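This report concerns only the one structure given below.
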Amino acid sequence: ALSDWDQLGQSLAKATELNAALRRQALQLHLVPVSLLIQRLAAESGLPGEIENDNGFEAELTGETAAKLVPPLAALIKGLGWTQAGQPDPLDAVKTPKPFLVRAERVGEFLTLKVKRGNAPGSGANRENQLVPDELSPIEAAIAEVQGRLKLDPTGGWFCLTVPVLPATI
């Protein structure tokens, strides 16, 4: 049997080895700013997007998480009807689509994105959420794959997404 000092030595050696492996893995993570996620989401959904809060600090998440979020969030934006034309604006002859607005906030190890429709009230943003459960299930499943949580406004005017900044595998 090993003495207490021998067991301690083995445990410390194993902890040092695990710490080094964790450090190597963390250094391989590629963090991207939320603005890149918004650009990709705008391209996929066909609707322009903007960061609502510019406080000089831009939140980040892993590139892998951002890439996995783009398709379900674009489907969510389309499913909520945000890409459909609202009421005509007499001052906007070109009918420029209103951007979706994103407020990003990092609290601890989680990033929360509150995304709201950019159209003014009265342009259809106050109607009931247009998504049916069959459309929402794959979106929620894709978000759950990155350990995310989704909260929807019942009227379809906004949604809130919370995801871990770093993947759970670390």
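Predicted, not measured: the structure shown is a model, and the values here were computed from it. Just so it is clear, the values below take in all heavy atoms, side chains as well, and ignore hydrogens, waters and symmetry mates.
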Checking salt bridge (charged side-chain N to carboxylate O under 4.0 Å, His left out) for the pair Arg106/Glu60: CA distance, chi angles, key distance, verdict? CA-CA 8 Å; Arg106 180 175 174 176; Glu60 297 176 315; over 6 Å; no
How long is the straight-line distance from OG of Ser35 back to CD of Glu58, given to the nearest 0.5 Å? 3.5 Å
When you look at Leu113 and Arg103, which way does the side chain to side chain contact (heavy atoms under 4.5 Å, CB included) test go after all the steps? CA-CA 6 Å; Leu113 302 174; Arg103 179 174 294 273; over 6 Å; no
For Pro138, all residues meeting side chain to side chain contact (heavy atoms under 4.5 Å, CB included), sequence neighbours excluded: none
Looking at Leu37 and Ala66, what are the two nearest heavy atoms and their distance? CD1-O, 3.6 Å
If you compare all heavy atoms of Cys160 against all heavy atoms of Thr112, which two are closest, and at what distance to 0.1 Å? SG-CG2, 3.4 Å
side-chain hydrogen bond (donor to acceptor under 3.5 Å, both in side chains) contacts in which one or both residues fall within residues 61-70, not counting sequence neighbours: Thr62-Thr65, Glu64-Lys68
Does any N or O in the side chain of Glu50 come within less than 3.5 Å of the main-chain N or O of Val102, such that one atom is a donor and the other an acceptor? no
Could you tell me whether the side chain of Leu61 reaches within less than 4.5 Å of the side chain of Leu31, counting heavy atoms only? no
Would Thr16 and Lys14 satisfy side chain to side chain contact (heavy atoms under 4.5 Å, CB included), going step by step from the backbone distance to the final call? CA-CA 5 Å; Thr16 301; Lys14 184 66 174 172; over 6 Å; no
Verify side chain to side chain contact (heavy atoms under 4.5 Å, CB included) between Ile143 and Arg149, making sure each step is shown before the conclusion. CA-CA 7 Å; Ile143 290 170; Arg149 293 186 315 269; over 6 Å; no
Go through the structure and list residues passing salt bridge (charged side-chain N to carboxylate O under 4.0 Å, His left out) with Lys114, not counting sequence neighbours. none
For residues Leu69 and Val146, determine if any side-chain heavy atom of one lies less than 4.5 Å from a side-chain heavy atom of the other. yes
How long is the span from the CZ atom in Phe159 to the CG atom in Leu80, to the nearest 0.5 Å? 7.0 Å
Indicate yes or no: at least one non-hydrogen side-chain atom of Gln147 is less than 4.5 angstrom from one of Pro164. yes
Using the ring pair (Phe, Tyr, Trp, His ring centres under 6.0 Å) rule, collect all pairs that involve residues 98-117, keeping only residues at least two apart or in two chains. none
Can you give me the closest heavy-atom contact between Gly49 and Ala42, atom names plus distance? N-CB, 3.9 Å
Verdict with reasoning, Leu47 to Ile77, per side chain to side chain contact (heavy atoms under 4.5 Å, CB included): CA-CA 9 Å; Leu47 191 64; Ile77 286 172; 4.0 Å; yes
Rounded to the nearest 0.5 Å, what separation is found between the OG atom of Ser11 and the CG atom of Leu18? 10.5 Å
For Glu105 and Val107, work out which heavy atoms get closest and say how close. OE2-CG2, 3.4 Å
Examine distances only and state if a side-chain atom of Trp82 and a backbone atom of Lys98 form a donor-acceptor pair shorter than 3.5 Å. no
Please tell me if the side chains of Trp158 and Leu152 come closer than 4.5 Å, counting only heavy atoms from C-beta onward. no
Determine whether Leu150 and Leu76 make a side-chain contact, defined as any pair of heavy atoms from C-beta on separated by less than 4.5 Å. yes
May I ask whether Ile51 and Leu101 are part of the same hydrophobic cluster, defined by side-chain heavy atoms of I, L, V, M, F, W, Y residues being less than 4.5 angstrom apart, directly or through others? no
Contact check, side chains of Leu161 and Leu111, non-hydrogen atoms, under 4.5 Å: no
Go through the side-chain N and O atoms of Asp6 and Ser3 and say whether any donor and acceptor fall under 3.5 Å apart. yes
Could you work out, with side chain to side chain contact (heavy atoms under 4.5 Å, CB included) as the rule, every residue matching Gln39, not counting sequence neighbours? Leu36
Run through the side-chain heavy atoms of Ile, Leu, Val, Met, Phe, Trp and Tyr, join any pair under 4.5 Å, and report what else lands in Trp5's cluster. Leu8, Leu12
